[in-house]
Number of protein chains: 2
Amino acid sequence: MSIVSDSAHLNDLTVVKSVSLTSALEKELERLILTGELEPGVRINEIHLSNRFGTSRGPIREATRSLEAKGLVEVVRNRGVFVRRLSVEDAVEIYDVRAALFGQAGRLLAERMTDGLLAELTRMVDEMDAVAERGSFDDYYPLNLGFHNLIVSSCGNRTLLAEYHRFVNKLHLFRARALVQGGGLAVSNREHRAMLEALASGDGERAQVTHWRHVALAKRRLIAAVDGHARND
Amino acid sequence: MSIVSDSAHLNDLTVVKSVSLTSALEKELERLILTGELEPGVRINEIHLSNRFGTSRGPIREATRSLEAKGLVEVVRNRGVFVRRLSVEDAVEIYDVRAALFGQAGRLLAERMTDGLLAELTRMVDEMDAVAERGSFDDYYPLNLGFHNLIVSSCGNRTLLAEYHRFVNKLHLFRARALVQGGGLAVSNREHRAMLEALASGDGERAQVTHWRHVALAKRRLIAAVDGHARND
DNA sequence: GTAATGATAACTGTCAACAGATTGATGGAT
DNA sequence: ATCCATCAATCTGTTGACAGTTATCATTAC
């Protein structure tokens, strides 16, 4: 495992001196973890990292403590820090939290909806329908992500937005994540339409229910996929 | 290594060598912040702390980075770390998140309710009623806290539990928090009874709504209290 | 061949020191 | 009296080094 490779990303950041080395390192490590370049379970060697980034171990330790609080890594005394590995149970728990947050975002958004936003969201769902017919998951995924992000970003609660992102990010640590991403494109987008209608109606309660249910059903699909996969093993 | 510090709490922890100095410091700092011994807005001086606890600055810096990720302090480059200060808007946002999480906890709990737990929760509400009649807030507050904690702790989702606590803790950073704590004891406990009935019925949807509404109404009381206070100024 | 053992290497925990930035004070000019 | 420049003190950012712990691996005994 030769971690001795140059990181262009970090160099970009270190040029800007207004950002501390620690936070730059933290962002870079987070990127490495979320993109999967640092796989769940692997140990993060402080000395290797300090060589790789040309810094001392101090800032790296600070960055990893921050990542630990964010739940992306695990620190074991005298043994090191490990990229956190999510079990199926962890992932299911996260879906519950995410459903709660997303439902709340839907409620808030319904109560402050604008015509322009509704048009944009409708356009996205139409586009997803078109892509879903072709069954192209690689095209569907970013659209789906953007749709959800736009909803939560527009709900007017920055705390909620930050928390939502935290949990969506954490799902990247779940190895079997790819299982659930494949199926049910058309089904999922039908739920999107129900959400749209609720948002358009301005009924917060109804919006909360539809948004909550959308994630709850995704959780069901995850569980079903995992069970199916386990049976096939 | 003689740890010459005024903090009995810290000494308790350092005796156990399985816990790193950093995490012991973090717990202690968190305690100081949540109890208000370190007030919102004040700067945390690394050198003073290292003298106080008899350590070097390294572990303290690591602990503060962790607290930053938890949202309890704010780090400003080259200026230091400050105990985070929550605005009214921040507090309101947190209530929304808390409502979402608490509602979800109610749903999960309703679907796994036991007779013993229901009896215990009922007992607590009865006790709160008795205390509320006397209008004794100091007695009501810990009971109320315990009631909510028992619900979230019993819902079976540890991730949700951790997040819920995170946000309840963050509310300690809100200076005007005391405003909302005083009023509506009897009203609040009437909402508790509605929650109890929903939990007893085993209807997850209904439990989620009642639990969500309980926090949403608390948020309204907070806003009303803040507005009233502003008018009286 | 396998398991216990002990030496060695590698790594983390902590510390003390240096470099750079910020703050506040001092003194002079207007 | 006010404003600005300069400077000293204080604090943070970062580094390199040392101590203690864990992991590795060859050796030995069975």
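Only this structure's heavy atoms are used, side chains among them; waters, hydrogens and symmetry mates stay out. Naming: A, B, ... by sequence-line order, numbering from 1 per chain.
Close to C/dC11, at under 4.0 Å from its OP1 or OP2, lies a side-chain N or O of A/Asn45. The side chain of A/Arg43 contributes an N or O atom lying less than 4.0 Å from OP1 or OP2 of C/dT12. When the side-chain nitrogen and oxygen atoms of B/Arg77 are compared with OP1 and OP2 of D/dG13, none of them lie within a distance under 4.0 Å. Contact between the side-chain N/O atoms of B/Arg65 and the OP1/OP2 oxygens of D/dT12 is not found at any separation under 4.0 Å. Proximity of A/Arg79 to the phosphate of D/dA23: a side-chain N or O atom is located under 4.0 Å from OP1 or OP2.
We find that CG of A/Asn51 is positioned 13 Å from C1' of D/dG16, with the value rounded to whole Å. Between B/Arg61 atom CZ and D/dT15 atom C1' there is a gap of 12 Å when expressed in whole angstrom units. Rounded to an integer number of Å, the gap from CD1 of B/Ile47 to P of C/dT22 is 17 Å.
Along DNA chain C, the nucleotide nearest to B/Glu62 and the one nearest to B/Arg57 differ in position, and the one closer to the 5' end is contacted by B/Glu62.
Residue contacts shown for B/Ile44 are limited to sugar-phosphate atoms, with no base heavy atom under 4.0 Å away. No engagement by B/Gly58 is indicated, since no non-hydrogen atom pair under 4.0 Å with the nucleic acid exists.
Using a cut-off of 4.0 Å between Lys/Arg side-chain N and Asp/Glu carboxylate O, B/Glu93 and A/Arg158 are scored as not salt-bridged. With salt bridges taken as basic N to acidic carboxylate O contacts below 4.0 Å, none links B/Glu30 and B/Lys27. The residues B/Glu28 and B/Arg31 are annotated as salt-bridged, a charged nitrogen and a carboxylate oxygen being separated by less than 4.0 angstrom.
The side chain of A/Glu46 lies closest to C/dT12 when the candidates are C/dC15, D/dT15, C/dT12.
Looking only at distances, a side-chain donor or acceptor of B/His148 sits under 3.5 Å from a matching main-chain atom of B/Asn144.
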